[in-house]
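Here the structure is a predicted model, which is why all the values come from computation and not from measurement.
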Amino acid sequence: MPELPEVEIVARSLAAQVLQHKITAIEKLDWERMVETPDLATFRATLPDRCILAIGRRAKWLLMTLDAGWTLALHLRMSGNLTVQAAEAMPDIYTHLVLALDDGRRIFFQDQRKFGRVRLLDPVGLAALHASLGPEPLDTQFAINDLAQLLARRNARLKPLLLNQAIIAGLGNIYVDEALWYAHLHPLRAASSLDPDEVERLYYAIRTVLQQGIQNHGSTLRTYRNSYGEPGNNQEHFAVYDRKQQPCPRCGTPIKRILVAQRGTHFCPVCQPDPSALPITVENNR
DNA sequence: CATTACCTGCAA
DNA sequence: TTGCAGGTAATG
């Protein structure tokens, strides 16, 4: 569930609570498959006594910089939540990882669907993670031309391309649909078919919807919460996502929902014209 | 590129 | 009971 804005909010709210605190113990780890690397014995032996020096985000990964060169990377996937709990709080059956802190509070990694993952990375592993991911769309370094380069010569359709974390980082099903609506682009448009104006529209649309998602503390459809356990309210601002049959905020046409790459995809059939309905580009003589 | 698997809860 | 859910990796 959590996409870039949600993970960003979790990272910020976690940083506000646990920076400079030490992880004293792993109090619960009852779904061992969530630990992807290193092996379980090393994970269990290394995490205790690590101090949390910084908390950030890369794509949809939450990164806790620890001492001794370690980074704890957590991925919430569809239903994960990271919260800080008082000493007396009891983990429920969906809480699969509990990290005790030096002041008695604890960090709960709760995950109904058990898709969430954790990696304890050394500097080499961290570099490999970064290298596997595309650019951060909110990075001040990320320019219109960078997006143009990502789209150029790619036959893939916009929706699956923008969901691909190796191409561009942090977008998920909600924010792709929202961005394409803002940019007036149909999700099935071929990436390489965009003209410069359309690339520019998409660039600002992506940044706008992500920034708006952060401003509204993320989107809570079912389970998403920040690290205080509070929901976001960006779902109240959706233009198309989860709004099948409801009026397009721009033109009033009922929003359509189709399947693209097996993902529910929402768009306005008038504002985002079907690529097959676009005027044929006649090869202009010279 | 499309399909399937990974999990569980919830709404239709 | 079936299908669907904010994600990704593995498989044809």
Side-chain angles (χ1 to χ4, degrees), chain A residues 1-11 30-37 57-62 73-82 91-97 109-119 128-134 137 153-181 187-192 206 209-210 212-214 216-226 230-245 257-266 275:
Chain A
M1 122 205 154
E3 308 180 25
L4 185 154
E6 289 74 32
V7 182
E8 180 68 28
I9 294 298
V10 174
D30 71 349
W31 184 248
E32 300 185 339
R33 283 211 268 163
M34 77 188 298
V35 180
E36 288 188 328
T37 186
R57 176 195 59 75
R58 174 75 169 102
K60 300 168 193 170
W61 286 92
L62 188 136
L74 305 112
H75 202 301
L76 304 173
R77 293 282 182 101
M78 293 288 263
S79 56
N81 279 127
L82 276 171
D92 65 12
I93 59 166
Y94 303 114
T95 300
H96 302 297
L97 176 65
F109 190 150
Q110 181 195 53
D111 187 4
Q112 198 172 76
R113 292 178 71 180
K114 299 180 176 175
F115 288 170
R117 293 294 182 263
V118 185
R119 300 177 183 175
L129 178 61
H130 280 290
S132 70
L133 297 164
R153 294 177 302 284
R154 286 189 191 271
N155 284 321
R157 291 158 174 193
L158 287 176
K159 170 104 186 196
L161 189 85
L162 295 173
L163 286 173
N164 185 338
Q165 301 300 296
I167 303 290
I168 184 170
L171 292 167
N173 212 32
I174 292 176
Y175 294 96
V176 167
D177 282 6
E178 293 294 305
L180 291 173
W181 178 83
L188 293 179
R189 284 283 301 277
S192 59
I206 288 170
V209 299
L210 293 175
Q212 181 194 281
I214 293 171
N216 294 322
H217 315 289
S219 306
T220 298
L221 279 92
R222 321 165 88 93
T223 60
Y224 168 73
R225 299 289 186 279
N226 68 16
E230 304 160 338
N233 62 294
N234 192 239
Q235 67 282 359
E236 296 161 20
H237 302 271
F238 290 162
V240 289
Y241 188 83
D242 206 21
R243 298 195 63 243
K244 181 185 174 184
Q245 302 281 50
R257 181 186 184 277
I258 60 173
L259 274 185
V260 177
Q262 310 306 114
R263 311 297 303 278
T265 297
H266 312 76

Could you pull out all residues at least two apart from Phe238(A) that satisfy ring pair (Phe, Tyr, Trp, His ring centres under 6.0 Å)? Tyr241(A)

Are any non-hydrogen side-chain atoms of Val260(A) and Arg263(A) less than 4.5 angstrom apart? no

Judged by nearest nucleotide, the residue sitting upstream toward the 5' end of DNA chain C, Leu221(A) or Arg119(A), is Leu221(A)

Any Leu171(A) side-chain heavy atom under 4.5 Å of Leu210(A) side chain: yes

Sequence neighbours excluded, the answer for salt bridge (charged side-chain N to carboxylate O under 4.0 Å, His left out) partners of Arg243(A) is none

Sub-3.5 Å pairs of nitrogen or oxygen atoms, protein against nucleotides 8-12 of chain B:
from: dT8(B); atom 1: OP1; to: Lys114(A); atom 2: NZ; distance (Å): 2.8
from: dG9(B); atom 1: OP1; to: Tyr94(A); atom 2: OH; distance (Å): 2.1

Return the value, rounded to whole Å, for the distance between atom CD of Gln262(A) and atom P of dA5(C). 11 Å

Rounded distance (Å) that lies between atom C1' of dT8(C) and atom CD of Glu36(A): 9 Å

In whole angstroms, the gap separating P of dA5(C) from CG of Leu259(A) amounts to 7 Å

When you check the side-chain N and O atoms of Glu6(A) and Tyr175(A), is any donor under 3.5 Å from an acceptor? yes

Asp92(A) vs Gln110(A) side-chain heavy atoms within contact, under 4.5 Å: yes

Determine the contact category for Ala261(A): base if any of its heavy atoms lies under 4.0 Å from a base atom, sugar-phosphate if only primed atoms, P, OP1 or OP2 are that close, otherwise nothing. nothing

Without decimals, in angstroms, what is the distance between Tyr224(A) OH and dG7(C) C1'? 16 Å

Applying ring pair (Phe, Tyr, Trp, His ring centres under 6.0 Å) to Trp61(A) and not counting sequence neighbours gives His75(A)

For Arg58(A) and dG7(C), what is the distance between atoms CZ and P respectively, to the nearest whole Å? 17 Å

Within less than 4.0 Å of OP1 or OP2 of dG7(C), is there a side-chain N or O belonging to Gln165(A)? no

Salt bridge (charged side-chain N to carboxylate O under 4.0 Å, His left out) partners of Arg58(A), counting only residues at least two apart: Glu136(A)

Which is true for Arg257(A) with a 4.0 Å heavy-atom rule: it touches a base, it touches only sugar-phosphate, or it touches nothing? sugar-phosphate

Would you measure the distance from the P atom in dA5(B) across to the matching atom in dT2(C) and give it in whole Å? 16 Å

Not counting sequence neighbours, which residues clear salt bridge (charged side-chain N to carboxylate O under 4.0 Å, His left out) with Asp242(A)? List them please. none

What residues form a side chain to side chain contact (heavy atoms under 4.5 Å, CB included) with Val118(A), not counting sequence neighbours? Met34(A), Phe43(A), Leu72(A), Leu74(A), Leu97(A), Phe109(A)

What are the atom names and distances for every N/O pair under 3.5 Å that joins the protein to nucleotides 10-12 of chain C?
none

From dT8(C), dC1(B), dG6(C), pick the nucleotide closest to the side chain of Glu3(A)? dG6(C)

Can you tell me, in whole Å, how much space there is between the C1' of dC10(B) and that of dT8(C)? 23 Å

Using the salt bridge (charged side-chain N to carboxylate O under 4.0 Å, His left out) rule, collect all pairs that involve residues 160-180 of chain A, keeping only residues at least two apart or in two chains. Lys159(A)-Asp177(A)

For Ser132(A), the side chain to side chain contact (heavy atoms under 4.5 Å, CB included) test, sequence neighbours excluded, returns Leu129(A)

Over how many whole Å does the gap from Ile168(A) atom CD1 to dT8(C) atom P extend? 13 Å

Ignoring backbone atoms, establish whether Arg263(A) has a side-chain N or O less than 4.0 Å from OP1 or OP2 of dG7(C). yes

How long is the line joining OH of Tyr175(A) and P of dA5(C), in whole Å? 17 Å

Of all residues at least two apart in sequence or in a different chain, which pass the salt bridge (charged side-chain N to carboxylate O under 4.0 Å, His left out) check with Lys60(A)? none

Round to a whole Å and report the spacing from CG of Leu163(A) to P of dA2(B). 13 Å

Between the base of dG7(C) and the ring of Phe115(A) - centre-to-centre under 5.5 Å, planes within under 30° - is that a stack? yes

If the cut-off is 4.0 Å, is His75(A) near the phosphate of dG7(C), judged by side-chain N/O to OP1 or OP2? no

Intra- and inter-strand pairs of DNA chain C in dot-bracket (Watson-Crick or G-U wobble, both distances under 3.5 Å; | for another strand): |||||.||||||

